[in-house]
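To start, the structure under review is shown below, and the notes come after it.
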There are 2 protein chains.
Amino acid sequence: MPSPTTDSDGTRPATGKRRAPLNRASVVAAGRRVARDEGLSAVTLRRVAAELGVTAMALYRHVGDKRELLVAMLDDVAEHLVIPDREGTPSDRLVLAFRALHDHLTAEPWVTEVLKAGELFGPRASRFVEHVLALLEEAGLGDERAADAYWALWWYTFGHLSYLPALRPEGRPARAELMTRVPATDHPRLARMLARPPRQAAAEDAFVPGLRALLRGLLTD
Amino acid sequence: MPSPTTDSDGTRPATGKRRAPLNRASVVAAGRRVARDEGLSAVTLRRVAAELGVTAMALYRHVGDKRELLVAMLDDVAEHLVIPDREGTPSDRLVLAFRALHDHLTAEPWVTEVLKAGELFGPRASRFVEHVLALLEEAGLGDERAADAYWALWWYTFGHLSYLPALRPEGRPARAELMTRVPATDHPRLARMLARPPRQAAAEDAFVPGLRALLRGLLTD
DNA sequence: ACCTGAACACCGTTCAAGT
DNA sequence: ACCTGAACACCGTTCAAGT
């Protein structure tokens with residue numbers, strides 16, 4: 001390996017063969033790239049390292065362990081969330097915010113697979129939480145009820161996000177197989193529900209009505 | 001524990017050294033035992049096999065692969081759910097049902113870790129889904145709205161279940177560390193929320209009010 | 001028919017060693 | 001200071017072989 005140049009810690013591209021120096025951001029970016037292009041299961045330390053032209057053990061200088069890498073990848077996603085807002089009722093603005101959150105976390109499928117409801121989100125997206133709490137306050141909720149409402153909204157949103165992978169092409173056979181196993185005579189309503197087309201779009205369309213219903217219930221009492 | 005049915009092949013206890021013959025149920029039971037006693041991470045094919053006094057490869061005759069074992073373990077839990085009911089409004093009876101579901105899935109911590117919102121639950125607990133759909137119908141909802149409402153309720157419930165592991169002792173340090181990183185001046189409401197004690201009991205108490213709010217929103221419109 | 005032994009192709013992680 | 005090579009202790013899974 002060539003490396004005789006004695007530069008201090010310059011970020012220069014250097015001449016030809018020298019690799020850019022590793023840092024946390026580049027490791028996280030490489031992890032996201034592998035996850036996006038090859039799926040979450042491809043995100044191994046060896047694979048991410050290869051992506052950077054480096055050996056797996058080199059990553060340990062920058063991330064601690066694999067779990068920390070995944071958390072950092074998630075934080076990276078959360079940081080780039082843009083929270084839309086406009087004139088309107090607090091309820092409408094809350095719908096707007098949670099739709100944006102939902103769509104943002106859905107943009108890269110691997111996100112919904114790493115996401116753990118408590119551990120990885122919530123407080124990490126500080127701006128988002130603060131925004132939501134402010135709107136709930138504006139809607140007339142006190143500290144305690146606002147906090148409960150925030151969690152209810154997040155649990156609902158998280159639940160829906162977790163449901164989406166099952167609708168992806170890989171999950172379809174499992175669902176089809178389930179349908180054949182449900183005894184229609186014993187469970188007529190369930191049979192009717194499963195008979196309805198479980199299109200991805202339908203599930204996404206179902207998110208907002210449920211969100212509105214939840215808000216209706218949370219804000220009126 | 002299956003009753004001593006006189007089956008075709010030799011199910012005799014045999015004399016002394018002969019191990020009871022393996023079957024799917026015993027493999028699933030062994031998996032649940034290991035998960036309950038040593039946590040989900042201990043559920044490896046080698047460990048489960050050892051629990052049965054057998055080698056890992058012997059399991060493949062009964063479960064296909066590891067994912068199938070986990071699904072079977074979950075189905076086993078779902079099957080033993082008792083759905084309580086009593087006189088009352090559909091709303092009250094729905095709260096009763098979802099509380100029971102919530103408590104049942106919470107009884108063994110590993111369950112919330114394997115649970116995938118779409119893939120593993122929902123239709124598998126046929127009795128439960130049918131019961132809920134019937135109550136929603138009784139409350140005046142048509143097929144389509146009842147199905148949407150069922151999913152909304154399940155997403156909310158699932159989200160809360162997924163949140164609980166973070167409250168377990170192992171997850172606490174992470175939360176404490178988050179608190180110190182949140183800038184109180186920029187996010188005063190978030191800081192107040194995090195300052196409140198995140199006791200496990202509090203989170204469980206928060207489940208029912210949110211559930212009621214969601215139902216309020218779903219049933220009135 | 002049911003189970004075993006040995007092997008394969010991976011993991012995350014460690015540690016001493018290189019430069 | 002930063003990275004590598006080699007090794008460790010695991011995984012899930014396969015396959016031919018035993019009984």
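The chains referred to below are lettered A, B, ... by the order of the sequence lines, with proteins before strands, and numbering in each begins at 1.
In this structure, CG of Leu52(B) is placed 14 Å from C1' of dC2(C), rounded to the nearest angstrom. Straight-line distance from the NZ atom of Lys66(A) to the P atom of dC11(D): 16 Å, rounded to whole Å. Distance Arg46(B) CZ to dG12(D) P: 7 Å, rounded to the nearest Å. Between the CE atom of Met57(B) and the P atom of dG18(D) there is a distance of 17 Å, given to the nearest Å. Between the CG atom of Leu45(A) and the P atom of dT4(D) there is a distance of 14 Å, rounded to whole Å. For the pair Arg24(A) CZ and dA1(D) C1', the computed distance is 19 Å after rounding to whole Å. Asn23(A) has its CG atom 18 Å from the P atom of dA1(D), to the nearest Å. Taking atom CZ of residue Arg67(A) and atom C1' of nucleotide dC11(C), one finds them 18 Å apart after rounding to whole Å.
Between Phe207(A) and Tyr156(A), the shortest heavy-atom distance links the atoms O-OH, 2.7 Å. Here the closest non-hydrogen pair linking Met193(B) and Tyr150(A) is CE-CD2, 3.6 Å. Looking at every heavy atom in both residues, Ala42(A) comes nearest to Val34(A) through O-CG1, 3.6 Å. Closest of all the heavy-atom pairs between Gly210(A) and Ala152(B) is CA-CB, 4.5 Å.
Remark: dT19(C) base-pairs with dA1(D); criterion is Watson-Crick or G-U wobble with both hydrogen-bond distances under 3.5 Å. Here dT13(D) sits opposite dA7(C) as a Watson-Crick or G-U wobble pair (both hydrogen-bonding atom distances under 3.5 Å).
Comparing atom distances between the Val54(B) side chain and each of dC3(D), dT13(C), dT4(C) picks out dT4(C) as nearest. Closest approach to the Arg61(B) side chain among dA7(C), dC3(C), dT4(D) is made by dC3(C) (side chain taken as heavy atoms from C-beta onward). Residue Asp65(B) has its side chain nearest to dT13(D) when only dT13(D), dC3(D), dC3(C) are considered. Nearest nucleotide to the side chain of Leu22(B), out of dC3(D), dT13(D), dC3(C): dC3(C).
The side chain of Tyr60(A) places an N or O atom within less than 4.0 Å of a non-bridging phosphate oxygen (OP1 or OP2) of dT13(C).
For the pair Thr44(A) and Thr55(B), nearest-nucleotide mapping onto DNA chain C gives the more 5' position to Thr55(B).
Checking each of Phe128(A), Trp154(A), Trp155(A) against Phe98(A) for a ring pair (Phe, Tyr, Trp, His ring centres under 6.0 Å) leaves exactly one that passes, namely Phe128(A).
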